[in-house]
Amino acid sequence: MSAEFEEFAALWAQEPDAEERRIFAALARTVSRRAKMIYYIELGLALFLGIGVLAALFLDQRPATTVLVLLVIGATAWLSWKRYNLQQVAMIADHSDRERLLKNAIASAEGRLRYSTLSLQFLVPGFFLGLALRGTVSRDFDFFFQTLWDSFIEPLTLAGAVAVVALLLYFGYNNLQLRRQLERLRVLQAQYRQEAILDDEQKNI
Amino acid sequence: MQWAAGETALTVERPREDLFREVSSGYNGLISRIALSYEADRALRLELIQDILLAIWIALPNYRGDASLKTFVASIAQKRSISHVTQRAQEPRQVELPPELRSGTLTPAEIALDNDQKKQLVEAIQHLRLPQREAIVLCLEGFSFAEVAEMLGVSTNAAMLRCQRAKNALKTMMEQKS
């Protein structure tokens with residue numbers, strides 16, 4: 001490339017100073033420690049679960065317990081395998097194909113947005129439906145609204161209402177973030193496509 | 001990583017740790033600069049560097065040595081940075097650089113000039129469109145067009161064209177700034 005590029009490269013490739021290197025080394029130590037800690041916690045939990053199910057099998061030898069234990073072992077093994085695969089896919093696969101990378105990211109963001117929107121839509125009706133069902137079961141239907149009001153001023157219901165508001169705020173914020181993320185991903189996808197078109201056009205010149 | 005007969009989880013952890021140490025000591029500049037090209041805010045950049053290091057730690061058992069370790073690290077750093085850009089709600093554009101970028105034998109005036117030019121270059125890179133940004137950063141890091149092409153999943157010719165377009169855009173922005 002040109003001398004100009006060499007100049008840019010020389011400016012760009014300056015190594016970080018001692019302070020930056022120290023911070024970087026500290027971050028690397030934290031990452032390695034945290035990753036190892038997670039590994040040992042998972043190993044410990046797996047051992048705990050294994051000992052627990054084997055003890056249950058030993059102490060209670062009914063066929064139903066055996067079936068349950070086998071189901072727990074099967075489900076744990078399957079979940080661990082799925083988790084491992086997902087981790088590998090997320091970190092390694094498609095690392096060079098930006099189109100596929102963005103497509104997967106868009107599909108994933110859309111899925112999370114659907115879940116978040118559904119949660120937002122059903123949270124309040126679900127809460128009132130729960131209250132109404134409680135009222136119709138415990139009292140006469142003629143006093144439906146009175147029952148609803150009575151339920152609503154109970155401390156437990158009020159605490160539930162506060163939790164619903166908190167969840168609404170959380171899902172609302174989450175929804176907004178996901179919409180922005182999706183927008184960014186689509187802009188990025190368009191940029192990559194435009195770039196590919198430019199590559200083709202210039203190749204043919 | 002395939003476990004040989006008699007090997008346990010603890011014995012296969014060792015090479016990963018060695019490799020990780022090599023990455024964190026040998027490629028700190030590469031990772032920091034890639035993070036800098038995507039994140040202007042210092043606190044968020046440190047978070048991004050940590051995320052990149054974690055991604056590398058997780059991916060290291062899959063490193064087979066087909067490509068150089070530098071290529072492997074740069075590839076993961078680029079991919080993780082793209083995710084970071086798309087997940088962030090806001091993208092701050094203030095550039096914060098260390099007070100002294102170079103401490104060698106330059107005079108204070110030369111250091112100031114150099115730092116100013118580097119600041120301009122970083123700002124210009126951060127303003128490039130992402131497909132061009134990742135191509136030019138890899139070129140500036142000294143990767144060949146073939147290596148850049150492999151990392152970006154495009155042909156060598158396309159990688160070269162992208163670097164060329166990015167370089168022209170950089171040049172225009174630098175001229176406008178100065």
Side-chain angles (χ1 to χ4, degrees), chain A residues 1-2 4-5 7-9 11-21 23-25 27-32 34-36 39 43 87-88 90-92 94-102 105-106 109 176-177 180-182 184-185 187-188 191-196 198-203, chain B residues 9 13 17 20-21 23-25 28-29 31-33 46 49-50 53-55 57-59 62 75-76 79 82-83 85-89 98 100-103 114 117-118 121-122 125 129-132 137 139-142 150-155 157-158 161-165 167 170-171 174:
Chain A
M1 279 226 181
S2 63
E4 207 164 33
F5 182 83
E7 205 178 300
F8 285 161
L11 265 180
W12 176 253
Q14 288 167 6
E15 286 301 315
D17 63 8
E19 175 62 8
E20 293 287 308
R21 281 203 300 274
I23 293 171
F24 189 95
L27 284 176
R29 277 196 302 275
T30 309
V31 165
S32 144
R34 207 205 299 170
K36 273 188 267 183
Y39 171 75
L43 198 67
Q87 205 176 42
Q88 296 306 308
M91 292 298 169
I92 306 299
D94 300 337
H95 68 82
S96 58
D97 189 340
R98 299 294 187 256
E99 178 68 27
R100 266 169 76 184
L101 177 79
L102 289 170
I106 288 173
L176 200 68
Q177 294 285 94
R180 281 182 183 163
Q181 189 181 335
L182 209 50
R184 273 174 183 278
L185 281 166
V187 167
L188 212 53
Q191 283 185 2
Y192 273 99
R193 285 178 179 167
Q194 279 171 5
E195 208 64 30
L198 283 175
D199 291 341
D200 283 342
E201 281 173 1
Q202 289 191 336
K203 188 177 73 182
Chain B
E13 280 296 299
E17 279 188 32
F20 189 71
R21 210 169 294 126
V23 167
S24 58
S25 60
N28 55 11
I31 295 171
S32 300
R33 287 189 295 269
L46 289 179
I49 290 175
Q50 198 162 345
L53 285 170
L54 186 61
W57 172 274
I58 293 170
N62 292 55
S75 177
I76 292 174
K79 190 186 155 204
I82 294 174
S83 303
V85 168
T86 58
Q87 278 164 11
R88 247 179 18 217
E100 270 196 7
L101 290 167
R102 188 190 278 184
S103 58
D114 228 22
Q117 282 177 338
K118 168 123 186 186
L121 179 67
V122 171
I125 288 175
R129 287 150 54 95
L130 216 134
Q132 289 184 5
V137 165
C139 285
L140 290 171
E141 287 293 343
E150 199 184 323
M151 278 188 264
L152 304 187
V154 294
S155 67
N157 194 36
L161 290 169
R162 277 187 202 187
C163 284
Q164 192 62 45
R165 285 197 296 272
K167 195 198 83 179
L170 270 186
K171 194 180 152 195
M174 297 278 279

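Below, chains carry the letters A, B, ... as their sequence lines are ordered, and counting in each starts from 1.
Using a 4.5 Å heavy-atom cutoff, the side chains of B:L161 and A:E195 are not in contact. Contact of the B:I82 side chain with the A:Y192 side chain is registered, since non-hydrogen atoms from C-beta on lie closer than 4.5 Å. In this structure the side chain of A:Q202 never reaches within 4.5 angstrom of the side chain of B:Q164, judged on heavy atoms. Taking 4.5 Å as the limit, some side-chain heavy atom of A:R34 sits within range of a side-chain heavy atom of B:Q50. B:C163 places none of its side-chain heavy atoms less than 4.5 Å from the side chain of A:F5. Side chains of B:Q132 and A:Q191 form no contact here, defined as non-hydrogen atoms less than 4.5 Å apart.
Residue A:E4 touches chain B through its side chain alone, counting heavy-atom pairs closer than 4.5 Å. Both the backbone and the side chain of B:L53 come within less than 4.5 Å of a heavy atom in chain A. Both the backbone and the side chain of A:L27 come within contact range of chain B, each with at least one heavy atom under 4.5 Å from a heavy atom of that chain. Contact annotation for A:L198: both backbone and side-chain heavy atoms come within less than 4.5 Å of a heavy atom of chain B. For a residue to count as touching a neighbouring chain, one of its non-hydrogen atoms must lie under 4.5 Å from one of that chain's; by this rule B:N157 touches chain A with the side chain only.
No salt bridge links B:K79 with A:D97; every basic N to acidic carboxylate O contact stays at or beyond 4.0 Å. The pair B:K171-A:E7 does not meet the salt-bridge criterion, since no charged nitrogen lies less than 4.0 angstrom from a carboxylate oxygen.
Considering all non-hydrogen atoms of both residues, A:F8 and B:M174 come closest at CE2-CE, 3.8 Å. Scanning all heavy atoms of the two residues, the minimum distance from A:A28 to B:F20 falls at O-CE2, 3.4 Å. What you find for B:N28 and A:E15 is that their closest heavy atoms are OD1-OE1, 4.1 Å. Contact record, A:P16 with B:R33: CD-NH1, 4.4 Å, taken as the closest heavy-atom pair. Closest non-hydrogen pair, A:A35 versus B:L54, comes out as CB-CD1, 4.3 Å.
The most heavy-atom pairs under 4.5 Å with chain A, out of B:G142, B:S32, B:A158, come from B:A158. Taking chain A as the reference chain and counting heavy-atom pairs below 4.5 Å, the highest number among B:L121, B:I125, B:I31 is found for B:L121. Heavy-atom pairs under 4.5 Å with chain B were tallied for A:S32, A:A18, A:A196; the largest tally goes to A:S32. By number of non-hydrogen pairs under 4.5 angstrom with chain A, the leading residue of B:S83, B:S25, B:P131, B:S24 is B:P131.
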Does B:R165 form a side-chain contact (heavy atoms from CB on, under 4.5 Å) with A:D199? I'd like the steps, not just the answer. CA-CA 10 Å; B:R165 285 197 296 272; A:D199 291 341; 2.5 Å; yes

